[in-house]
Amino acid sequence: MGHGRSMAKVWAGLSAAAVMGLAATASAQETAEDTSDRGYRVSTVAELGFNSPVYHKIQFGRDGTYFDYVEEGGQDVLFPFMRLSVEAKFGGRHNVVFLYQPLDVQTEVLTEREVVADGAVFAEETPLNLRYGFSFYRASYMFDLIKSERTELGVGASLQIRNATISFESGDGTLRRVRRDVGPVPILKVRGRHTLENGVWFGAEVDGFYAPGRWVNGSTDTEVLGAILDASLRAGVVVTPEIDAFLNVRYLGGGADGTSQNQAGPGDGYTKNWLNLVIVSLGFQYNLI
């Protein structure tokens, strides 16, 4: 519970800082015309880099083990990161973004203690194959409160669709527990960017939501605490009128704590799952139109 509340406070602080800082920067600038003669612009963005789990624990079932992926599950190394999105700007101040974020971490370990997941008991020194798949799709809309020649500040909302597959499996395949889930998550969004005269620019983006009850899982019969925070700082340069390149540092975290009434298979439906990733990536934005 305390972990989720702390995430909510961090998200609120980052959002407020982004709004106040960028608003102050652009207060004296005039609105600029859209760079596209058509009145709209379409661009693609790709990021490649690595993610480092700094905290990741999970529990399946009230009597299950609160398993530490970083200390016990082989997530103490770096994993590849990729993010793809398509963005459309139109009407001067309107922005629509479609994002795909794959996240599928697979490791193999030898258990250091007895591990229990949804009633399955993996004895000490059992070869264990682990998969944490939590890819998601996100559609966002933002309205630019500030739109000037060098500065943008947009606020809006997103709908994220999670596509989760999480499994514990013994090395010989005789014992296995798998959780699968697809569901919507509502998110608030803030994004800003300021460009200097030499083409160097700085930006920040925050997507986050905190829900201490129903609806976070898109279900009225699921009582669960849930939170998500996707916050990044980036610095880039305008390479050509069509291409921007940037370095991005991102925090991606969240999780849930509660019991689902729709649990299929063994187990009581209880899940406790909290994840914190630090991500460093190189990104490129290409203006298609």
Side-chain angles (χ1 to χ4, degrees), residues 3 46-84 100-137 160-183 185 226-230 249-260 263-282:
H3 185 76
E47 294 181 45
L48 294 173
F50 63 84
N51 80 69
S52 174
V54 294
Y55 180 97
H56 191 190
K57 292 185 177 182
I58 198 166
Q59 180 178 345
F60 285 163
R62 291 283 181 183
D63 297 327
T65 303
Y66 197 27
F67 185 78
D68 191 327
Y69 278 110
V70 177
E71 296 295 329
E72 306 173 82
Q75 291 188 8
D76 54 352
V77 294
L78 303 179
F79 297 92
F81 170 82
M82 179 180 70
R83 174 173 285 206
L84 302 172
Y100 171 55
Q101 171 65 77
L103 180 61
D104 197 341
V105 178
Q106 301 183 42
T107 56
E108 298 178 358
V109 298
L110 190 68
T111 57
E112 301 175 356
R113 57 171 173 154
E114 181 180 274
V115 176
V116 180
D118 277 341
V121 180
F122 301 87
E124 184 180 352
E125 296 189 351
T126 297
L128 191 61
N129 299 330
L130 300 165
R131 180 185 180 188
Y132 188 85
F134 215 90
S135 301
F136 56 82
Y137 305 84
Q160 180 167 301
I161 305 297
R162 66 177 180 277
N163 185 33
T165 300
I166 305 171
S167 64
F168 289 74
E169 181 179 351
S170 61
D172 59 9
T174 59
L175 189 58
R176 179 187 299 111
R177 288 295 183 266
V178 182
R179 292 277 190 98
R180 296 185 181 88
D181 184 49
V182 176
V185 180
I228 182 173
L229 177 61
D230 184 356
V249 178
R250 182 181 305 276
Y251 166 84
L252 178 60
D257 187 344
T259 301
S260 171
Q263 171 69 11
D268 56 17
Y270 175 78
T271 302
K272 187 177 182 180
N273 177 21
W274 294 103
L275 167 69
N276 294 267
L277 300 176
V278 173
I279 299 164
V280 178
S281 63
L282 290 175

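The number of heavy atoms from other shown groups lying within 6.0 Å of CG (D63) does not exceed 12. Sparse packing is recorded around CZ of R180, with 12 or fewer heavy atoms of other residues, nucleotides or ligands lying under 6.0 Å away.
Between F168 and F122, the ring planes are tilted. Angles from 30° to 60° get that label. Below 30°, between 30° and 60°, or above 60°: for Y69 and F67 the angle between ring planes is above 60°, a perpendicular geometry.
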Could you go through the side chain to side chain contact (heavy atoms under 4.5 Å, CB included) check for Y251 and V54 one step at a time?
-> CA-CA 10 Å; Y251 166 84; V54 294; 5.6 Å; no

CA sep, side-chain torsions, deciding dist, call: R113, E72, salt bridge (charged side-chain N to carboxylate O under 4.0 Å, His left out) | CA-CA 9 Å; R113 57 171 173 154; E72 306 173 82; 2.6 Å; yes

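Ring to ring, Y137 and Y100 are close: their centroids are under 6.0 angstrom apart.
To the nearest 0.5 angstrom, I228 atom CD1 is 9.5 Å from L275 atom CG.
There is a side-chain donor-acceptor pair under 3.5 Å between Y270 and D257. Side-chain N/O atoms of R83 and S281 include no donor and acceptor closer than 3.5 Å.
Across every non-hydrogen atom of G119 and R177, the tightest pair is C-NH2, 4.3 Å. The nearest pair of heavy atoms linking W274 to A227 is CZ3-CB, 4.2 Å. I166 approaches N273 most closely through the heavy-atom pair CD1-ND2, 4.3 Å.
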